[in-house]
Peer 1: 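Below is one structure. I have some questions about it.
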Amino acid sequence: MPTEKPATFATLLARVWASVLGHKKLVGAAFAFGLLEAFFTKAPFLLVDPLMRAMGAQTGGGPAVEAPKDDASFSDRFAWWFQGQSDAIAGWFGRDASSDGGPAMNLVIASALLAALCGVLGGICIYGLQLTSRFFAIKMVADLRCAIARHLLSLPLRYFGQRRMCELISNVTNDAQVLQRA
């Protein structure tokens with residue numbers, strides 16, 4: 001039996017990278033879904049600061065959110081902007097600032113609605129990420145199996161006389177499945 005030189009990590013990485021480049025749109029879609037999922041998962045944490053400030057102002061524990069200065073942080077700017085939008089968001093549901101609880105309750109309602117919306121959109125993005133990444137894995141394995149089949153068909157008959165069929169079948173099926181799981 002002739003000895004085959006083992007594939008190096010760089011060779012395997014080059015083959016995987018070639019497959020990634022062959023499916024740029026799928027990889028880009030999965031990456032975009034991943035970024036959106038990360039945003040929608042973390043976005044509700046931005047609502048904590050405006051809520052705490054409003055609750056502190058209502059109980060007399062601190063000032064309401066004031067207009068940010070030029071050197072204000074993103075959190076301060078967002079808290080000020082969101083407090084201004086909360087009355088409008090709560091107004092969509094028939095609440096006005098003079099209702100029971102006042103502007104602080106409007107802020108709570110707006111925060112709850114925005115957190116729920118982020119949860120729904122985050123779930124959709126998780127689904128899209130899983131769908132595109134699994135489809136990419138299946139396409140990659142299908143391409144690999146086609147390449148293996150082309151290679152096996154190009155080999156001389158002598159090669160098959162020197163190999164056991166179970167090794168060839170194992171390489172085509174099991175090894176490709178390992179790549180798909182990875």
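What you see below is based on every heavy atom in this structure, not just the backbone, and it leaves out hydrogens, waters and symmetry mates. Residue numbers start at 1 and run along the sequence shown.
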Peer 1: Under a 4.5 Å cut-off applied to non-hydrogen side-chain atoms, are Leu152 and Phe160 in contact?
Peer 2: yes
Peer 1: Report yes if some heavy atom in the side chain of Leu47 is under 4.5 Å from a heavy atom in the side chain of Leu114; otherwise report no.
Peer 2: yes
Peer 1: If every non-hydrogen atom of Thr132 is compared with every non-hydrogen atom of Ala29, which pair is closest and at what distance?
Peer 2: CG2-CB, 4.2 Å
Peer 1: List the atom pairs, donor and acceptor, that lie under 3.5 Å between side-chain atoms in residues 141-150 and the rest of the protein, sequence neighbours left out.
Peer 2:
| unit_1 | atom_1 | unit_2 | atom_2 | d |
| --- | --- | --- | --- | --- |
| Asp143 | OD2 | His23 | NE2 | 2.6 |
| Arg145 | NE | Val172 | O | 3.4 |
| Arg145 | NH2 | Thr173 | O | 3.3 |

Peer 1: Measure the spacing between SG of Cys118 and CZ of Phe39 and express it to the nearest 0.5 Å.
Peer 2: 6.0 Å
Peer 1: Do Leu13 and Val20 belong to the same hydrophobic cluster, where Ile, Leu, Val, Met, Phe, Trp and Tyr are linked whenever their side-chain heavy atoms lie under 4.5 Å apart, directly or via other members?
Peer 2: no
Peer 1: Any side-chain heavy-atom pair from Phe33 and Ile126 closer than 4.5 angstrom?
Peer 2: no
Peer 1: Do you know the tightest heavy-atom contact between Ala30 and Ser133?
Peer 2: CB-N, 4.5 Å
Peer 1: So which atom in Gly122 and which in Glu37 form the shortest heavy-atom distance, rounded to 0.1 Å?
Peer 2: O-CG, 4.0 Å
Peer 1: Can you measure from CZ (Arg134) to CG (Leu26) and round to the nearest 0.5 angstrom?
Peer 2: 14.5 Å
Peer 1: Can you get from Phe40 to Leu117 by hopping between Ile, Leu, Val, Met, Phe, Trp and Tyr side chains that sit under 4.5 Å apart?
Peer 2: yes
